[in-house]
Amino acid sequence: MIDFGKLVESSDDVNYNDLNMLFESLDRKTSHTEARPAQKESFDLLTKSREKGDVVLKISTGAGKTAVGLSYLYSYMKEKQEPVVYLCPTNQLVEQVCNEAPKMGIKAVRYPAGQKHPGVDAMQAKAVIVCTYDKLFNAKTTFNRRDVLLTPCAMVLDDAHAGIEIIRKSFTLSLNNEQFRVLTSVLNSRCNEYRSGAWADILNGDPLAIMEIPFWIWQSLEADVRKSLSVYKDESEFRFVWPYLSEILKSCKCIISGTGAEIIPDVIPIGFNRAYSDTAHKLFMTATLADESTLVRELGCSPLSANTPLIPETDRGLGERMVIAPSLVDRSLTREMTMSVCRSISFATLKLTS
């Protein structure tokens with residue numbers, strides 16, 4: 001006779017700190033019968049680094065990093081019984097993650113733009129929250145709303161190299177024509193004294209004329225700029241950025257040309273985003289990031305973690321990639337011809353190395 005009680009109790013025996021053991025315990029479907037070597041090694045590396053707040057994992061696209069990220073979050077969700085978040089650069093990747101999760105036996109829910117509250121399962125730590133960087137990183141993010149106050153215990157930043165660009169854009173204020181005219185009227189006198197010729201070209205709408213407002217001019221007029229631009233705080237583009245920048249204008253740069261202007265912080269005030277800064281465990285996953293220092297400068301990653309990324313030795317696909325399109329050079333170069341040349345070069349290289 002089968003002891004069903006034993007089967008029920010067995011789920012409590014899973015060690016959520018051991019990602020390989022956790023992965024083996026999942027009710028995996030057809031596409032996840034067994035972890036790949038790069039995934040197993042990633043699980044081992046992450047298990048050993050579990051006590052770290054920030055972890056950087058370099059793993060190539062196609063090596064199964066989505067499964068690694070989901071397993072990482074699932075382990076914390078089950079252990080801590082607190083919400084977890086998986087960040088993606090695009091909605092398409094959000095869909096891919098949400099389609100992948102059930103194949104692994106992990107429940108995941110989307111948290112799309114415009115949705116005010118996460119799902120009940122998400123808040124009760126029964127499902128991984130999957131959303132874009134834009135959903136979290138904007139000055140009106142629902143994560144920080146008083147009726148939500150969602151602070152995950154763990155977060156995965158997938159394709160962190162692309163995420164950095166998205167996050168920096170969320171802290172950059174671009175001015176429309178009316179706002180541009182208001183700003184130039186505030187700066188007019190001082191900038192005309194500084195570089196009258198270049199400033200005249202900017203006012204005349206020359207698209208090639210560009211100037212970074214000197215810090216001594218910008219800082220001396222900071223209060224006037226804030227007062228003049230704050231009237232637009234409720235307009236569509238402004239309201240998602242202005243609350244971030246209004247208090248740190250003195251530390252921002254202003255780039256202005258004949259066709260527009262942008263206000264950009266020297267250093268992203270990442271700490272303003274409570275949901276992000278208060279997350280205890282963050283996994284930065286990337287396949288192509290060459291300079292990990294950008295994670296420190298832009299995302300507040302631990303310098304030690306950035307300096308010692310986890311790199312699975314079994315991941316042979318990791319590295320810079322070059323896309324070759326011979327047909328753009330000569331249309332007579334077909335795909336078959338290109339493959340034939342690559343094959344012959346590969347064989348020649350093997351002979352030389354053997």
Side-chain angles (χ1 to χ4, degrees), residues 16-17 19 22 46-47 49-57 65-91 93-98 100-102 104 106-160 162-164 166-167 170 244 268-286 295 298-302 305:
Y16 296 116
N17 294 323
L19 294 189
L22 175 66
L46 289 171
T47 298
S49 304
R50 191 166 181 80
E51 297 307 314
K52 290 184 178 181
D54 296 336
V55 179
V56 179
L57 177 65
K65 63 184 176 72
T66 300
V68 172
L70 284 168
S71 299
Y72 171 88
L73 290 177
Y74 186 72
S75 69
Y76 281 109
M77 184 175 73
K78 297 295 287 185
E79 179 193 4
K80 307 290 186 183
Q81 291 297 300
E82 296 177 14
V84 294
V85 173
Y86 194 116
L87 294 179
C88 302
T90 66
N91 286 316
L93 292 176
V94 168
E95 291 298 317
Q96 289 182 16
V97 173
C98 288
E100 186 91 351
M104 297 175 58
I106 296 175
K107 187 171 183 179
V109 294
R110 299 164 185 80
Y111 191 17
Q115 182 173 314
K116 295 181 179 180
H117 303 90
V120 175
D121 285 344
M123 295 302 288
Q124 293 181 350
K126 295 179 180 178
V128 175
I129 299 170
V130 188
C131 64
T132 62
Y133 283 90
D134 287 331
K135 179 69 176 178
L136 175 60
F137 291 99
N138 69 79
K140 296 294 184 180
T141 177
T142 52
F143 278 76
N144 292 342
R145 278 175 29 158
R146 291 182 180 179
D147 57 338
V148 177
L149 291 180
L150 173 57
T151 302
C153 68
M155 182 180 295
V156 164
L157 292 90
D158 199 0
D159 289 338
I164 289 173
I166 297 170
I167 294 169
S170 73
Y244 279 148
I268 294 178
I270 201 74
F272 284 6
N273 191 298
R274 179 199 51 77
Y276 175 80
S277 60
D278 289 354
T279 297
H281 300 278
K282 303 185 189 78
L283 173 60
F284 303 87
M285 294 199 303
T286 179
L295 295 176
E298 308 286 3
L299 300 183
C301 178
S302 160
S305 297

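Residues take their numbers from the sequence shown, with the count starting at 1.
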### Query
Any side-chain heavy atom of Lys65 within less than 4.5 Å of one from Asp159?
yes
### Query
Within a strict 4.5 Å, meaning less than it, do heavy atoms of the Asn91 and Pro112 side chains meet?
no
### Message
Just checking Lys52: does its NZ atom have more than 12 heavy atoms from other residues, nucleotides or ligands closer to it than 6.0 angstrom?
### Response
yes
### Query
Between the side chain of Thr141 and the main-chain N/O of Asn144, is any donor-acceptor distance below 3.5 Å?
no
### Task
Would you indicate whether the side-chain heavy atoms of Cys131 and Leu87 approach each other to under 4.5 Å?
yes
### Separation of Thr142 OG1 from Leu150 CG (nearest 0.5 Å)
8.0 Å
### Query
What's the spacing between Leu57 CG and Met285 CE if we round to 0.5 Å?
7.0 Å
### Query
Closest heavy-atom contact between Leu73 and Val85?
CD1-O, 3.5 Å
### Task
Looking only at non-hydrogen atoms, find the nearest pair between Lys116 and Tyr111 and report the distance.
O-OH, 3.1 Å
### Query
For the side chain of Asp54 and the backbone of Ser302, is there at least one donor-acceptor N/O pair under 3.5 Å apart?
yes
### Donor-acceptor pair, side chain of Thr47 and main chain of Leu19, under 3.5 angstrom
yes
### Query
What distance separates His281 NE2 from Tyr72 OH, expressed to the nearest 0.5 Å?
6.5 Å
### Message
Looking at Gln115, is its backbone amide N or carbonyl O close enough to the side chain of Lys135 to form a donor-acceptor pair, meaning the two atoms are under 3.5 Å apart?
### Response
yes
## Note on the structure
Taking every heavy atom of Val55 against every heavy atom of Ser49, the minimum-distance pair comes out as CG2-O, 3.9 Å
### Steps toward side chain to side chain contact (heavy atoms under 4.5 Å, CB included) verdict (Ser75, Asn17)
CA-CA 7 Å; Ser75 69; Asn17 294 323; over 6 Å; no
### Message
Rounded to the nearest 0.5 Å, what separates atom CD1 in Ile270 from atom OG in Ser277?
### Response
8.5 Å
### Message
To the closest 0.5 Å, what do you measure between OG1 (Thr286) and CD1 (Ile164)?
### Response
8.0 Å
### Where Pro83 and Ala125 come nearest, the two heavy atoms and their spacing
N-CB, 4.0 Å
### Query
Taking the side chain from Tyr244 and the backbone from Asn138, do they hold a donor-acceptor pair closer than 3.5 Å?
yes
### Task
Go through the structure and list residues passing side-chain contact (heavy atoms from CB on, under 4.5 Å) with Gln81, not counting sequence neighbours.
none
### Message
Please check: side-chain N/O of Arg274 versus main-chain N/O of Phe143, any donor-acceptor pairing under 3.5 Å?
### Response
yes
### Query
Tell me, do Arg50 and Tyr76 make a side-chain contact under 4.5 Å, heavy atoms counted?
yes
### Query
Where is the tightest heavy-atom contact between Val97 and Cys88, given as atom of each residue plus distance?
CG2-SG, 3.7 Å
### Task
Kindly indicate, with the supporting measurements, whether the criterion side chain to side chain contact (heavy atoms under 4.5 Å, CB included) is fulfilled by Tyr16 and Met77.
CA-CA 9 Å; Tyr16 296 116; Met77 184 175 73; over 6 Å; no
### Task
Might you point out which heavy atoms bring Val109 and Ala127 nearest each other, and give the distance in Å?
CG1-CB, 4.0 Å
### Query
Side-chain contact, heavy-atom cut-off 4.5 Å: Leu70 with Met104?
yes
### Query
Between atom CD of Glu95 and atom OG1 of Thr90, what is the distance when rounded to the nearest 0.5 Å?
9.5 Å
### Query
Relative to the ring of Phe137, is the ring of Tyr133 parallel (under 30°), tilted (30 to 60°) or perpendicular (over 60°)?
parallel
### Query
Given side chains that start at C-beta, do those of Lys107 and Asp121 come closer than 4.5 Å, heavy atoms only?
yes
### Message
Given 3.5 Å as the limit, does a donor-acceptor pair link the side chain of Asn273 with the main chain of Leu136, or not?
### Response
yes
